[in-house]
Amino acid sequence: MEHGQTLYEAIGGDATLRRLVDAFYPIVKQNPVIGPLFPEDVRPVMEKQRRFLTQFLGGPPLYSELYGHPMMRARHLPFPITRESADAWLDCMRQALEAIGMEPSLRKLVLERLSGPAYHFVNR
Ligand code: HEM
């Protein structure tokens, strides 16, 4: 990563996040632990996630522009999330990052950045 660059810029910005989200949700839907939590039509969730990850990784605030403060833990409260669910979510993300061919050092940074929130969302 170059000095002063955001992780969003380092991974290739919008084009990369679109590919990542497109790769991630089919993997999530196949996952026996967390797949059943998601709706049949996952496209609205994909769009929200693309917007959220954009701002979370240091890009423009695309999520908050439409939905206000992320309050992500609160937004996940209706869904039962255990430690096992967080492990499963992160494993799906690891597979998606690999599938789109992201460089291993950046892959590791992205996963590290996401693991805090994932375990923070555990609510059961
Ligand atoms: C810990 C395991 C996780 C599980 C089981 C999980 C599951 C879910 C589910 C079931 C939804 C709602 C789908 C719907 O609208 O019906 C959702 C929404 C969402 N999740 Fe997660 N999630 C997890 C972790 C994360 C993480 C780590 C992030 C990002 C840091 C994230 C970002 C989002 C976003 C942006 C939405 C859309 C929120 C909205 O409705 O505006 N999730 N998640």
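As the structure lists them, so they are numbered: ligands from 1, and atoms in each ligand from 1.
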Query - Spacing of CG belonging to Leu37 relative to CD1 belonging to Ile81, to within rounding of 0.5 Å - result: 7.0 Å
Query raised in the report: Among side-chain atoms of Ser105 and Glu103, is any donor-acceptor pair under 3.5 angstrom?
Result: yes
Query raised in the report: What residue and atom, counting heavy atoms only, is the protein's closest point to atom 29 (C) of ligand 1, and at what distance?
Result: Phe52 CE2, 3.6 Å
Requested in this report: Tell me, please: is Phe79 in heavy-atom contact with ligand 1, that is, under 4.0 Å?
Outcome: yes
Report task. Provide the number and element of each atom of ligand 1 under 4.0 Å from a heavy atom of Leu114. Result -> 30 (C)
Requested in this report: Please write down residue, atom name and distance for the protein heavy atom closest to atom 2 (C) of ligand 1.
Outcome: Trp89 CB, 3.5 Å
Query raised in the report: Backbone, side chain, both or neither: what part of Leu37 comes under 4.0 angstrom of ligand 1, heavy atoms only?
Result: both
Requested in this report: Tell me, please: is Phe56 in heavy-atom contact with ligand 1, that is, under 4.0 Å?
Outcome: no
Query raised in the report: So, do Gln55 and Ser64 sit near enough that their side-chain heavy atoms are less than 4.5 Å apart?
Result: yes
**Report entry** ligand 1-proximal atoms of Met72, by part, heavy-atom distance under 4.0 Å
**Finding:** side chain
**Report entry** Check: Val28 and Val42 side chains under 4.5 Å, non-hydrogen atoms
**Finding:** no
Query - His120 side chain vs Gly116 backbone, donor-acceptor pair below 3.5 Å - result: no
Query - For atom 6 (C) of ligand 1, the option (of Arg73, Met93, His76) bearing the nearest heavy atom - result: His76
Requested in this report: Considering heavy atoms of the protein only, find what lies nearest to atom 16 (O) of ligand 1 and give residue, atom and distance to 0.1 Å.
Outcome: Pro39 CD, 3.4 Å
Query raised in the report: Is the shortest distance from a Lys or Arg side-chain nitrogen in Arg18 or Asp22 to a carboxylate oxygen in the other one below 4.0 Å?
Result: no
Requested in this report: Looking only at protein heavy atoms, identify the closest one to atom 31 (C) of ligand 1 and say how far it is in Å.
Outcome: Gln49 NE2, 3.5 Å
**Report entry** NZ/NE/NH1/NH2 to OD/OE distance under 4.0 Å, Glu112 and Lys108
**Finding:** yes
Query raised in the report: Does Glu47 CD have over 12 foreign heavy atoms under 6.0 Å away?
Result: yes
Query raised in the report: Between Tyr63 and ligand 1, is there a nitrogen or oxygen pair with a distance under 3.5 Å?
Result: yes
Query raised in the report: How about Leu53 and Tyr63: do any of their side-chain heavy atoms sit closer than 4.5 Å?
Result: no
Query raised in the report: What atoms of ligand 1 come within less than 4.0 Å of a heavy atom belonging to Ala86?
Result: 1 (C), 2 (C)
Query raised in the report: Quick one: nearest non-hydrogen protein atom to atom 8 (C) of ligand 1, plus distance?
Result: Phe38 CZ, 3.4 Å
Query raised in the report: Is Ile11 reachable from Ile27 through a run of hydrophobic residues whose side-chain heavy atoms are each under 4.5 Å from the next?
Result: no
**Report entry** atom 15 (O) of ligand 1 [closest protein heavy-atom partner, distance rounded to 0.1 Å]
**Finding:** Val45 CG2, 3.8 Å
Query raised in the report: Evaluating non-hydrogen atoms only, which member of Arg51, Arg83, Lys48 is closest to atom 37 (C) of ligand 1?
Result: Lys48
Query raised in the report: Can you list the atoms of ligand 1 that are under 4.0 Å from a heavy atom of Ile34?
Result: 5 (C)
